[in-house]
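Indexing begins at 1, ligand by ligand and atom by atom, following the structure's order.
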Amino acid sequence: NERPAIVLLDLDGFKVVNDSLGHGAGDALLVAAGERMAADDRPGDTVDRYGGEEFAVLLESLDGPDPARQLVEQMLEALRAPFVVEGREVFISASAGIAYSRREGITPSELLRVADIALYRAKASGKDCAVVFDQAMEREAVRRLDLETDLRRALERGEFQVYYQPEVEPSSGMVTGAEALVRWQHPERGLVSPADFIPLAEETGVILPLGAWVLRQACTEVQQWRAKGYVDESFALSVNLSGRQLATPELVGEVQAVLAESGLDPASLRLEITETVLMEDGPGSARTLEGLKALGVELAIDDFGTGYSSLAYLQRFPVDTVKIDRSFIANVGDDARARAIVHTVTHLAHVLGMRVTAEGIETELHVEFVANAGCDRGQGYFYSRPLPAAEMLRLFGRKQEHAA
Ligand code: C2E
Ligand code: CA
Ligand code: CA
């Protein structure tokens, strides 16, 4: 009649300790963490190393509505205090997934499986917390699995498309380039926005083949526009790079190969990396960025201002362009601080020899403001929404007719 609970507990900051202080320190930390958890447990409970930086806890003789949670919270609290490893103070936290065996006949491996789903949730909601498994999570996990299968299949079936959003010089209104933005033409769901599949593509690694496809497609298409005389050699193509792509050592070679195949001049390609990605990744990605620079492509920091300690990145990474996040532009009408930030970031970037793109230009007032602030390029619905290639060409066609 006992209904025990199984808890899967994963140490959040472990990889950093292991990578920076070495495996000896990592092992010592695992032992110390295990001891702390075991120190708190009740007679009959079991704490086990389950693999890597993961522990499994079996809690028995429970009663009350959610008895495991309190015990787990105590363990998480115990882990938050600093550890001393090889003479250094180290801080970590842990995420936990809890599964109660409320159902008759549930097997231990089934319990572990659902505890893992709850653990995944705890990690996804910001770590350092405990989540109890419920049926809605199961449905969500199945949905994600379906979507992942869909994503891989979509790539094989050619359901992705590249849209282009013009980048414009605000003072003259001239188109200086375009950003490639991926879209998914889903057979049942219609046009799916990247916000709904890029995060999952990142997590599952589908972003690697998908990102490579976007890069190849966009470079090839823009080179065709140039060959046909729709755009001249000053036209720059911006392509987004995800964190996963940046973390692969093959990236530099891949970009080089795409440039060679498509015939696009490296100087016409600008790769955008979000500030948050730069923040997360250390020395490895710095080398990759240098490698990309050496190919002759430009680099841009995307969504600038949404991460933190941004200024350090301007100094550390070899970027050519700062893209000021659209949240600042949206507020320039009624917020003096937003105005000051746009002015100052633009000035700073220029002093450092960088160009500035303002995102989210939606009104005439935004154009006027960023033109006065000296932003080099603007991008937003005021100029144009992202367009399929054919419509982008119509845009150029119209311009050519005007010029003629
Ligand atoms: P992002 O790189 O910051 O791209 C700009 C997003 O802002 C685009 O959303 C664009 O449609 C939207 N936008 C442009 N002008 C305006 C405006 O005036 N007002 C407002 N409210 N929004 C505007 P989209 O196309 O939905 O893409 C969302 C995000 O998905 C992108 O943000 C980017 O982070 C990611 N993404 C898109 N395509 C790719 C890709 O090929 N690879 C990777 N790794 N990420 C991509
Ligand atoms: Ca971007
Ligand atoms: Ca952006």
Exercise for review: Please determine if R183 forms a cation-pi arrangement with Y163, meaning its NZ or CZ atom is less than 6.0 Å from the six-membered ring centre and no more than 45° off the ring axis.
Suggested key: yes
Cationic tip of R326 above Y381 ring, under 6.0 Å, 45° of axis
no
Donor-acceptor side-chain pairing of [X] and [Y] below 3.5 angstrom:
X	Y	result
E203	Y120	yes
Q223	T220	no
E167	S238	yes

Set out, in order, the CA-CA distance, both residues' side-chain angles and the distance that settles side-chain hydrogen bond (donor to acceptor under 3.5 Å, both in side chains) for H343 and N372, then state yes or no. CA-CA 9 Å; H343 268 291; N372 280 331; over 6 Å; no
If the contact criterion is a heavy-atom separation under 4.0 Å, does [X] count as touching ligand 1?
X	answer
E359	yes
P386	yes
G360	yes

| Does an N or O from Q165, backbone or side chain, lie closer than 3.5 Å to an N or O of ligand 1? | yes
Geometry only, no angles: is E179 polar-contacting ligand 1 at N/O separations under 3.5 Å?
yes
The Ca ion (ligand 3) -> E359, closest N, O or S atom is OE2
Looking at D303, the N, O or S atom sitting nearest the Ca ion (ligand 3) is OD1
Next on the checklist: If we count only non-hydrogen protein atoms and require a distance under 4.0 Å, does atom 38 (N) of ligand 1 qualify as touching the protein?
Outcome noted: yes
Option set [options], criterion heavy-atom distance to [atom], minimum:
atom	options	answer
atom 2 (O) of ligand 1	D302, V182, V192	D302
atom 41 (O) of ligand 1	V277, I273, V214, L181	V214
atom 6 (C) of ligand 1	E202, R183, R326	R326
atom 35 (C) of ligand 1	L210, V162, I198	I198
atom 17 (C) of ligand 1	R244, R385, E362	E362

Please check if the distance between the ring centroids of H186 and F197 is under 6.0 Å. no
**Message:** I'd like to know if K293 pairs up with D320 as an ion pair, taking the criterion as any Lys NZ or Arg NE/NH1/NH2 lying under 4.0 Å from an Asp or Glu carboxylate oxygen.
**Reply:** yes
Original post:
Between R226 and D232, does at least one N-O distance fall below 4.0 Å, as a salt bridge requires?
Top reply: no
Can you name the N/O/S atom of [X] that is nearest the Ca ion (ligand 2)?
X	answer
D302	OD2
E179	OE2
E272	OE1

Q: Using a cut-off of strictly less than 3.0 Å, determine whether S238 has an N/O/S atom near the Ca ion (ligand 2).
A: no
Residue pairs passing the salt bridge (charged side-chain N to carboxylate O under 4.0 Å, His left out) test with at least one member in residues 152-162, sequence neighbours excluded, are E148-R152
inquiry  = Please verify the inter-ring angle class for W184 with F160; under 30° counts as parallel, over 60° as perpendicular, anything in between as tilted.
reply    = tilted
